[in-house]
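Below you'll find the structure, written out as structure tokens, and then a few comments.
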Amino acid sequence: MPKILPRKFYAEPTGKLARKLLGCRLVRERRGIRLAGRIVETEAYIGEKDLACHAHVGKTPRTRIMYGPPGVCYVYFTYGMHWLLNVVAEEEGFPAAVLIRALEPLEGLDVMGRLRPGKTALEFCRGPAKLTRALDIRGEHNGADLCRPGASIWIEPAAVGPLRIERTPRIGISRTPEPWRSKPWRFTIKGNHFLSR
DNA sequence: AGCACGATTAACT
DNA sequence: GTTAATCGTGCTC
């Protein structure tokens with residue numbers, strides 16, 4: 001049986017959760033096959049005051065998942081073609097989430113190759129929209145509970161201990177005003193080869 | 001009803 | 001380095 005991270009793991013300040021998720025294994029069970037990768041890059045989006053966070057507009061049909069309990073998927077559609085996967089953080093009522101930006105592929109590489117035609121393993125999950133494509137994560141996973149046994153998506157604990165973690169500003173928010181644009185809320189496993197470009 | 005824009009990617013030059 | 005692809009969301013009229 002997989003060892004699924006419990007809800008209390010996610011009920012943390014968003015930046016702390018973003019760091020804790022590095023090294024953990026994201027697992028997607030699809031048609032009885034495990035597609036999995038090690039989380040190597042995350043970003044924290046923290047509350048209504050954070051102008052880069054979708055919740056800065058308040059509670060809407062799109063953002064309501066972030067206001068709910070932690071340990072739930074917030075999956076949204078952007079640029080007319082891409083799905084992005086987040087994990088809801090903090091206590092229920094405070095809107096925040098961790099964006100999963102890159103994985104090091106570990107299981108189900110053959111299936112990932114079919115879902116990412118023409119790409120090498122290095123490129124399967126090297127970006128937030130690439131990994132949702134490689135793991136076949138889409139809108140139907142919005143609201144999926146990562147803590148429920150028997151689900152089609154969950155996260156398993158890190159296999160090894162503390163990692164060398166690097167902190168940088170978040171990617172892709174160049175139009176967001178300061179000070180939010182420059183907050184060092186992107187976290188990576190330093191030197192990992194599978195980070196987004 | 002119409003509009004501008006986006007937590008991106010791939011395919012260009 | 002530049003740009004098209006493509007549509008849901010939230011805002012304005």
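Everything quoted here is computed from the prediction, not taken from an experiment. In the text below, chain A, chain B and the rest are named by the order of the sequence lines, each starting its count at 1.
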Tell me what [X] touches on the nucleic acid: a base, only sugar-phosphate, or nothing, going by heavy atoms under 4.0 Å.
X	value
A/R116	sugar-phosphate
A/A52	base
A/R170	nothing

Item to check | hydrophobic_cluster_shared for A/L21 and A/V88, side chain cutoff 4.5 Å | outcome: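 Per the 4.5 Å side-chain linkage, A/V88 and A/L21 are not co-clustered.
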Checklist entry - Is there a path from A/V72 to A/L99 through hydrophobic residues (I, L, V, M, F, W, Y) whose side chains come within less than 4.5 Å of each other? => result yes
Would you say a side-chain N or O of [X] is under 4.0 Å from OP1 or OP2 of [N]?
X	N	answer
A/K130	B/dA10	yes
A/R175	B/dG6	yes
A/T78	B/dT8	no
A/H54	C/dT9	no

Item to check | salt bridge (charged side-chain N to carboxylate O under 4.0 Å, His left out) partner of A/E156, chosen from A/R28, A/K3, A/R34 | outcome: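 Looking at A/R28, A/K3, A/R34, the match for A/E156 under the salt bridge (charged side-chain N to carboxylate O under 4.0 Å, His left out) is A/R34.
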Item to check | Base partner of B/dT9, which must satisfy Watson-Crick or wobble distances under 3.5 Å | outcome: C/dA4
Checklist entry - Partner of B/dA4 by Watson-Crick or G-U wobble geometry, both contacts under 3.5 Å, or none? => result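 In the structure as shown, B/dA4 has C/dT9 as its Watson-Crick or wobble partner.
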For the pair made of [atom1] in [X] and [atom2] in [N], what is the distance, rounded to whole Å?
X	N	atom1	atom2	value
A/K183	B/dA7	NZ	P	19 Å
A/L85	B/dT8	CG	C1'	15 Å
A/R64	C/dG8	CZ	P	17 Å
A/W83	C/dT9	CH2	P	8 Å
A/H82	B/dC5	NE2	C1'	15 Å
A/L99	B/dA7	CG	P	10 Å
A/R197	B/dT9	CZ	P	8 Å
A/Y45	B/dA7	OH	C1'	4 Å

Checklist entry - What orientation do A/H54 and A/Y74 show, parallel under 30°, tilted 30 to 60°, or perpendicular over 60°? => result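 Rings of A/H54 and A/Y74: perpendicular, as their planes differ by over 60°.
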To the side chain of [X], which of [options] is closest?
X	options	result
A/K119	B/dA10, B/dA7, C/dT6	B/dA10
A/N86	C/dA5, B/dA7, B/dT8	B/dA7
A/M81	C/dA5, B/dT9, C/dG10	C/dA5

Checklist entry - Could you give the distance from CZ (A/R164) to OG1 (A/T188), rounded to the nearest 0.5 Å? => result 11.5 Å
Next on the checklist: By a 5.5 angstrom centroid cut-off and a 30 degree plane limit, is there stacking between A/Y79 and B/dG6?
Outcome noted: yes
Checklist entry - Does the ring of A/Y45 carry A/R170 above it, NZ/CZ under 6.0 angstrom from centre and within 45° of its axis? => result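 Positive - A/R170 is close enough to the ring of A/Y45 and near enough to its axis.
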